[in-house]
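No hydrogens, no waters, no symmetry mates; every other heavy atom, side chains included, goes into these values. Whatever order the structure lists them in is the order used to number ligands and atoms, beginning at 1.
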Amino acid sequence: MKGKKSKIDLHLHTTCSDGTFTPSEIINLAKENDLKTIAITDHDTIDGLESGRKKAEELGINFINGIEFSTNFKKKEIHILGYFFDKNNSDLLKKLKDLKNARVIRAKKIIKKLAKYNINITKEDIMKEVHGDLISRTHIAKVLFKKGFVKNTKEAFNRYIGERGIAFVPKLIIDPFEAIDLIKKAGGLSFLAHPKLLSLGERKTLILIDRLCEKGLDGIETFYPSFRDLDKIYYERIANERGLLLSGGSDFHGKNRDHISIGQTYVPEEKVDWIEKKFKEIEDGKN
Ligand code: AMP
Ligand code: MN
Ligand code: MN
Ligand code: MN
């Protein structure tokens, strides 16, 4: 059945990274908004997948294991989405643990740098904001705001923890090729997230896409809130020319991205046969 009931949103963040709704709340919202299929794609963590899946099964929503890896290539931040991977894959789990631990060390470095400017916050302050166990700068920005050091979180990034801020500390980061490899070896599919936001320019973006393809990239996120119709047509063509799959979603972050609602951008069902194919593969594997 087409229409409202067939909405598919493959890009959602929960409290396990920097969203404001728990995995279970996200599934409730998905139900209220008539979504048929969803993927939770938290930044560098799969902590929300277990409770998300459980709730999705209760409410009859198709649930896809997802993740959004933050990666770096030539100093540019590139996000790689992974879908349908085995969340118990040992290499994947080890890498995620390393990335998580590195964030703790980074938070401590940020606290030290801030203290040099008489901005005193503690790890406990930060942990109060963290609902999963992945520390993000979003949480640190909230502490700076709540303690009155900045007028809003934007200022926290501009003055302190953003790339040009005085207390900036980069995070341990993998390159996009490693992310693709990890997803692939865990049996999943990898997609380049929101390519238009890369700010690489057309030529460099295409070079990057071709290099990612050589490493086994499966698709491109083509349906995204800030993409105009022309952008969608463009990226669909780029994908088709390379035999890549299409994906998309709202990049919902709850109250941390107020202007975006769940399912606001969704994937046209007829353009994503790979989803049904994967579900069938999994079903057949079970029987
Ligand atoms: P982290 O993964 O800890 O480096 O934090 C990245 C998160 O910080 C992103 O997902 C954004 O939500 C947020 N962020 C990064 N830069 C800014 C900025 N300039 N203003 C507001 N939020 C930002
Ligand atoms: Mn985010
Ligand atoms: Mn992203
Ligand atoms: Mn995202």
Contact partition for H139 relative to ligand 1, non-hydrogen atoms under 4.0 Å: neither

Below 2.8 Å, can you find an N, O or S atom of H43 next to the Mn ion (ligand 3)? no

Please could you name the atoms of ligand 1 that R103 approaches to less than 4.0 Å, counting only its heavy atoms? 1 (P), 2 (O), 3 (O)

Give yes or no for whether the N/O distance cutoff of 3.5 Å, strictly under, is met between H253 and ligand 1. no

Kindly confirm whether the Mn ion (ligand 4) is within less than 2.8 Å of some N/O/S atom in H13? yes

For atom 20 (N) of ligand 1, the protein heavy atom that lies nearest, with its residue and separation: K154 NZ, 3.4 Å

Atom 2 (O) of ligand 1 - nearest protein heavy atom and its distance: K171 NZ, 2.6 Å

Short N/O/S contact of H194 with the Mn ion (ligand 3) (below 2.8 Å): yes

Name of whichever N/O/S atom of E68 is nearest to the Mn ion (ligand 4): OE1

Tell me which N, O or S atom of D251 sits nearest to the Mn ion (ligand 4). OD1

Ligand 1 atoms nearer than 4.0 angstrom to some heavy atom of H43 are 10 (O)

Give the residue, atom name and distance (to 0.1 Å) of the protein heavy atom nearest atom 18 (C) of ligand 1. F157 CG, 3.4 Å

How are the rings of H43 and H13 set to each other: parallel, tilted or perpendicular (split at 30° and 60°)? parallel

Please report whether the ring centroid of F223 lies less than 6.0 Å from that of Y266. no

Can you tell me the protein heavy atom closest to atom 6 (C) of ligand 1 and the distance? R137 NH2, 3.8 Å

Name the option, out of T138, D18, I161, that contains the heavy atom nearest to atom 10 (O) of ligand 1. D18

Any chance NZ of K215 has more than 12 other-residue heavy atoms, nucleotides or ligands included, within less than 6.0 Å? no

